[in-house]
Enquirer: 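Got a structure here, written out as structure tokens. Questions coming.
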2 protein chains.
Amino acid sequence: MVEKPKWDMTSDIHKYPKPSVTVDIVIFTVQNDELRVLLVKRKADLKKGEWALPGGFIRLDESLEESAKRILEQKTGVKDVYLEQLYTFGDPFRDSRGRVITVAYFALIDSEKMKIKPTEEVADAQWFSVYNYPPLAFDHKKVLDYSLTRLRSKLEYTTVGFQLLPQKFTLTELQKLYEVILAKTLDKRNFRKKIASLNLVEQTKETKMEGVHRPARLYKFKSKKFLLESDVV
Amino acid sequence: MVEKPKWDMTSDIHKYPKPSVTVDIVIFTVQNDELRVLLVKRKADLKKGEWALPGGFIRLDESLEESAKRILEQKTGVKDVYLEQLYTFGDPFRDSRGRVITVAYFALIDSEKMKIKPTEEVADAQWFSVYNYPPLAFDHKKVLDYSLTRLRSKLEYTTVGFQLLPQKFTLTELQKLYEVILAKTLDKRNFRKKIASLNLVEQTKETKMEGVHRPARLYKFKSKKFLLESDVV
DNA sequence: TACCATAGTGTAAAAAAAACAAGAAGAAGT
DNA sequence: ACTTCTTCTTGTTTTTTTTACACTATGGTA
């Protein structure tokens, strides 16, 4: 066992007042043709019973992203999801208990993973439509609004959207996903032409029957790595 | 004088360990057809004499943006510049003195304002080409790299670039600005067509003589407010 | 085998982006 | 006053990208 490196606690920097720092995560999924966000009912002293974004205090020996992953796993039981830093909110009085700065992340979870059974920790977590959710504690509405804008924007010029689908999916499902998030309808032929031109997906030999009609071809992403390439900035 | 509101210091949240939080600013300007960044020589105990991004510890009663503005003014003597939150860096050991999380901002200063005489505070600040600057302390190279990517990206789909020019400017100056930041040449006629179609600038009646040749028409932005409209996300 | 519902596909028009060159204007030198 | 020098200014054609739009294919069920 390696002894963890420590800091120079005698340094002058420790004379500056320190704020609390939390990580809050906006976790999106698409379920039943609806864009949903995960909210938790607060147990902590302040604002008990109110709904809020899942979050928690960072630990000093983990990076911000590690904090986010830890909290994400605690609250949802899932790992290995798309996670991206969103923005840092730090109004002095956004929390009456103290100066609390929160680094907001957004996460995308595909509908398969999302079905994972809730642990005890997760008991009071619930999915809400982004168009219809209860009042939120702190400035979490602002955080949610902002992340929704960002998600829509990134959907247009990156491939983040793919993170919300299971490994194999039909083109209609993919299109529906875009339509649900962007809240507008898209032309089927143009959409397929676009996807084809991006050269990111390939046919499988499987099909999927969804009702009493012609079954749809299943597709898969060509490469997982490739997905993040265009996500810089 | 109004008594400042305070926090509930008895709350449980104060039992969680707190990191130090700083704000670092990547201040860009364009000078002599070069994209430059402002760096300061460190006076503090650690890494004394090394170059770093201007920055400082936040105060608990000011917002992050207020902190950034304060530090910006201390270091450059200028106010009212374009300022945008970039990213928050928080690797546990990015600073050996303690856990220090830094919220990075980037600022754009036009070449006129930039000429402001340095105060004592600013004595050891210096502009460097983004292609040729000294080794930086901490993870500031990473911060600078990231902000450069972001600046280039935003230049393509927003009007941030206009922040780097004085009130009145020629179209050639505007084009040169884009060329310098994007590090590529642009077609003069297409560039002007584009600018015209954006409908953001208007002719003035003045011209500017730059050498022994035909003088160029000066333009100005139609509205300052308008500039930020497309800067969401 | 007829019906139902969605899957799957191509072409033409419009808009946006890229490629490309010549005359205009002012200053300086003759 | 006119020639020269250097940058300013402007338009058309081609290519690429985006949008609009409608019919046939397929498998299951009645």
Side-chain angles (χ1 to χ4, degrees), chain A residues 30 32-33 111 152-159 161 165-166 168-221 230, chain B residues 30 32-33 111 152-159 161 165-166 168-221 230:
Chain A
V30 170
N32 292 124
D33 293 342
S111 43
R152 288 198 176 119
S153 163
K154 293 206 85 167
L155 201 65
E156 310 247 28
Y157 68 96
T158 71
T159 56
L165 288 179
K168 290 176 186 166
F169 52 89
T170 69
L171 294 181
T172 300
E173 287 168 346
L174 183 59
Q175 182 178 342
K176 194 75 200 172
L177 178 81
Y178 273 74
E179 292 183 332
V180 162
I181 296 176
L182 298 176
K184 68 180 180 193
T185 59
L186 301 170
D187 178 84
K188 187 195 276 194
R189 278 167 295 185
N190 291 338
F191 181 81
R192 286 172 184 231
K193 224 181 304 170
K194 186 73 175 179
I195 296 299
S197 77
L198 293 176
N199 209 34
L200 292 173
V201 304
E202 60 187 2
Q203 281 199 357
T204 68
K205 285 175 181 164
E206 299 165 68
T207 58
K208 181 175 181 179
M209 272 276 309
E210 195 61 283
V212 186
H213 53 78
R214 178 175 177 177
R217 174 79 45 183
L218 282 167
Y219 286 75
K220 64 178 183 185
F221 305 120
S230 48
Chain B
V30 170
N32 292 125
D33 294 341
S111 43
R152 288 197 175 121
S153 164
K154 293 206 86 167
L155 201 65
E156 309 247 31
Y157 68 97
T158 72
T159 56
L165 287 179
K168 290 175 187 166
F169 52 90
T170 69
L171 294 181
T172 300
E173 286 168 347
L174 184 58
Q175 181 178 343
K176 194 76 200 170
L177 178 81
Y178 273 74
E179 292 182 334
V180 162
I181 296 177
L182 298 177
K184 67 180 179 192
T185 59
L186 302 170
D187 178 83
K188 188 191 275 195
R189 278 167 294 186
N190 293 336
F191 181 80
R192 286 171 184 231
K193 226 177 304 171
K194 185 76 177 179
I195 295 299
S197 75
L198 293 177
N199 209 35
L200 292 173
V201 304
E202 61 187 2
Q203 281 199 358
T204 68
K205 286 175 180 162
E206 299 165 68
T207 58
K208 181 175 182 180
M209 272 276 309
E210 194 63 281
V212 187
H213 53 79
R214 178 174 177 178
R217 173 80 42 188
L218 281 168
Y219 287 75
K220 65 177 182 185
F221 305 120
S230 47

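In what follows, chains carry the letters A, B, and so on, assigned in the order in which the sequence lines appear, proteins first and then strands, with residues in each chain numbered from 1.
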Enquirer: Roughly how far, to the nearest 0.5 Å, is the CG atom of B:L186 from the CZ atom of B:R192?
Expert: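 So the gap between those two atoms works out to 12.0 Å.
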Enquirer: For the pair made of CG in A:L218 and P in C:dA7, what is the distance, rounded to whole Å?
Expert: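 Taking atom P of C:dA7 as the reference, CG of A:L218 is at 12 Å.
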Enquirer: Please report the distance, rounded to the nearest Å, between CD1 in A:I195 and C1' in C:dA7.
Expert: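 In whole Å, C:dA7 C1' lies 16 Å from A:I195 CD1.
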Enquirer: For B:R217 and A:G211, find the nucleotide of DNA chain D closest to each by heavy atoms; which residue's nucleotide sits nearer the 5' end?
Expert: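 That would be B:R217.
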Enquirer: Heavy atoms under 4.0 Å, any strand shown: does B:T172 hit a base, just sugar-phosphate, or nothing?
Expert: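 Answer is sugar-phosphate: B:T172 comes under 4.0 Å of backbone atoms only.
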Enquirer: Nearest whole angstrom, please: distance from the C1' of D:dT9 to the CD of B:Q175.
Expert: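 Distance, rounded to whole Å: 12 Å.
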Enquirer: Quick check: closest heavy atoms across B:K176 and B:D33, and the distance to 0.1 Å?
Expert: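 Minimum heavy-atom contact is CG-OD1, 3.4 Å.
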Enquirer: Whole angstroms only, please: what is the CG-C1' distance between A:L198 and D:dT18?
Expert: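 In whole Å, D:dT18 C1' lies 14 Å from A:L198 CG.
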Enquirer: Quick one: pull up CZ in A:F221 and CG in A:L165 and give me the separation to the nearest 0.5 Å.
Expert: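 It is 5.5 Å, given to the nearest 0.5 Å.
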Enquirer: Atom CD1 of A:I195 and atom CD of A:Q175: how far apart are they, to the nearest 0.5 Å?
Expert: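 A:I195 CD1 to A:Q175 CD: 9.0 Å, rounded to 0.5 Å.
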Enquirer: Let me confirm one number: the CG-NZ distance from B:L198 to B:K193, rounded to the nearest 0.5 Å.
Expert: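 Nearest 0.5 Å value for the CG-NZ distance: 13.5 Å.
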Enquirer: Give me the atom names and distance for the closest heavy-atom approach of A:A216 to A:T170.
Expert: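 Distance-wise, the nearest heavy atoms are CB-CG2, 3.7 Å.
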Enquirer: Using heavy atoms and a sub-4.0 Å distance, could you list which residues of residues 178-193 of chain B are near DNA chain C? By number, please.
Expert: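 Within residues 178-193 of chain B, the residues near DNA chain C are B:D187, B:R189, B:N190, B:K193.
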Enquirer: With DNA chain D as reference, determine whether B:A216 or B:V212 sits nearer its 5' end, using the nearest nucleotide of each.
Expert: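 Final value for this comparison: B:V212.
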Enquirer: Measure the OG1-CG distance between A:T172 and A:L177 for me, rounded to the nearest 0.5 Å.
Expert: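 A:T172 OG1 to A:L177 CG: 12.5 Å, rounded to 0.5 Å.
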Enquirer: How long is the line joining CG of B:L174 and P of D:dC8, in whole Å?
Expert: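 In whole Å, D:dC8 P and B:L174 CG are 13 Å from each other.
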Enquirer: On a heavy-atom basis, which atom in A:T204 and which in A:Y219 lie closest, and how many Å separate them?
Expert: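 Closest pair (atom of A:T204, atom of A:Y219, distance): CG2-C, 4.1 Å.
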Enquirer: What is the distance, to the nearest angstrom, from the CZ atom on A:R214 to the P atom on D:dT26?
Expert: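 That distance rounds to 6 Å.
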Enquirer: Apply the salt bridge (Lys or Arg N to Asp or Glu O under 4.0 Å) test between A:E206 and each candidate in A:K168, A:R217, A:K220; give the one that qualifies.
Expert: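 When A:K168, A:R217, A:K220 are each tested with A:E206, the salt bridge (Lys or Arg N to Asp or Glu O under 4.0 Å) holds only for A:K168.
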Enquirer: Applying a 4.0 Å non-hydrogen cut-off, can you work out what B:T170 is touching in the nucleic acid: base, sugar-phosphate, or nothing?
Expert: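 Contact class for B:T170: none.
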Enquirer: Using whole Å, what does the distance between atom P of nucleotide D:dT6 and atom NE2 of B:H213 come to?
Expert: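 It works out to 10 Å between those atoms.
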Enquirer: Using whole Å, report how far NZ of A:K194 lies from C1' of D:dT16.
Expert: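 Those two atoms, NZ and C1', are 11 Å apart.
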Enquirer: For the helix from C:dT1-D:dA30 to C:dT30-D:dA1, what is the angle between the axes at its two ends, each from 5 pairs, rounded to 10°?
Expert: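 End axes: 10° apart.
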